[in-house]
Novice: 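I am attaching a structure below and will ask some questions about it afterwards.
Keep in mind that this is a model prediction, so the values were computed, not measured.
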Amino acid sequence: PARPAPDAAAELSELAAELTPPADSELRAQRLIQAAVLLLVVGDLERADRLLRRALEIASEDGVRARALQLAGQLAGRRNNWPAAAELSMAARQLAEGRPELLAAIECDLAFAAVSIGVFPDAIDHGQAAAGYAAAVGDEGVQAVALAVLTMVTFLGGGGVARDQLDRALALEDHSRADGIVMRPSFMAALLELWSGQVSAAVADLT
């Protein structure tokens with residue numbers, strides 16, 4: 001049977017990491033991380049976990065370690081271990097100073113972790129921080145995700161749907177981004193429709 005493209009790409013990235021000279025540990029770690037990203041897309045959490053652990057063993061550069069820790073936090077969240085997800089994301093944030101795009105992504109992860117733990121004020125604070133970092137990046141796709149996350153956690157915290165903010169996120173959405181489906185503004189918008197009683201619209205958008 002045909003294999004999903006991300007799975008095949010992950011195998012190629014892992015092979016590239018194995019062929020990277022041991023002296024170039026940062027590049028090797030980056031390739032392991034790229035493979036882990038693709039494995040998270042296809043849901044192979046065990047292999048992703050193994051590659052991220054290997055990346056953290058060899059990486060010394062703060063940005064590379066921050067990205068690996070961020071993904072480890074996402075993996076913990078996929079396993080419903082939200083306290084661990086928050087702890088790993090906080091560790092990633094400490095290493096990501098001066099990297100606004102990475103910080104925007106980490107703050108989005110922290111927002112969802114806080115919501116899942118039930119600390120809604122912290123979730124909104126993280127969502128606002130994500131939107132601030134995203135605005136500094138100037139990338140529309142990054143802004144779209146951050147605005148959608150902020151809209152989502154504000155709603156879950158009892159603040160209703162910020163329609164103008166959500167519409168802007170949808171207008172800026174970059175459908176070519178490699179984010180998992182849960183981080184797509186259009187997916188979050190469909191969930192908000194579902195949760196606010198717009199069932200037919202939600203079903204159409206989710207379909």
Novice: Taking CD in Glu97 as the centre, count heavy atoms belonging to other residues, nucleotides or ligands within less than 6.0 Å. Is the count above 12?
Specialist: no
Novice: I need the minimum non-hydrogen distance between Ile58 and Ala29, along with the two atoms involved.
Specialist: CD1-N, 3.7 Å
Novice: Which atom names give the shortest non-hydrogen contact between Leu110 and Ser89, and what distance separates them?
Specialist: CD2-CB, 3.5 Å
Novice: On a heavy-atom basis, which atom in Ser186 and which in His175 lie closest, and how many Å separate them?
Specialist: OG-CE1, 4.3 Å
Novice: Report yes if some heavy atom in the side chain of Val149 is under 4.5 Å from a heavy atom in the side chain of Glu107; otherwise report no.
Specialist: no
Novice: Does the Arg78 side chain pair with the main chain of Leu40, one donor and one acceptor, at a distance under 3.5 Å?
Specialist: yes
Novice: Give every donor-acceptor pair under 3.5 Å between a side-chain atom in residues 68-76 and any protein atom, sequence neighbours left out.
Specialist:
residue : atom : partner : partner atom : Å
Gln70   : OE1  : Arg67   : NH1          : 2.6
Gln70   : NE2  : Asp109  : OD2          : 3.0
Gln74   : NE2  : Asp109  : OD1          : 3.3
Gln74   : NE2  : Asp109  : OD2          : 3.1

Novice: Between Arg168 and Asp164, is there a side-chain N and carboxylate O pair less than 4.0 Å apart?
Specialist: no
Novice: Please report the closest heavy-atom contact between Trp82 and Ala113, naming both atoms and the distance.
Specialist: CE3-CA, 3.6 Å
Novice: Which donor-acceptor pairs under 3.5 Å do side chains of residues 128-148 form with protein atoms, sequence neighbours excluded?
Specialist:
residue : atom : partner : partner atom : Å
Asp139  : OD1  : Gly141  : N            : 2.8
Asp139  : OD1  : Val142  : N            : 3.1

Novice: Any non-hydrogen side-chain atom of Thr151 less than 4.5 Å from a side-chain atom of Met188?
Specialist: no
Novice: Mark yes when over 12 heavy atoms from residues, nucleotides or ligands other than Arg53 sit less than 6.0 Å from its CZ; otherwise mark no.
Specialist: no
Novice: Can I get a per-line list of side-chain donor-acceptor pairs under 3.5 Å for residues 196-207, giving both atom names and the distance, sequence neighbours left out?
Specialist:
residue : atom : partner : partner atom : Å
Ser196  : OG   : Leu192  : O            : 2.6
Ser196  : OG   : Glu193  : O            : 3.3
Ser196  : OG   : Gln198  : NE2          : 3.2
Thr207  : OG1  : Val203  : O            : 2.7

Novice: How long is the straight-line distance from CG of Asp44 back to CG of Leu38, given to the nearest 0.5 Å?
Specialist: 11.5 Å
Novice: Taking the side chain as everything from C-beta on, heavy atoms only, tell me whether Val161 gets closer than 4.5 Å to Trp195.
Specialist: no
Novice: So for atom CD, which belongs to Glu87, do other residues, nucleotides or ligands contribute more than 12 heavy atoms lying within a distance under 6.0 Å?
Specialist: no
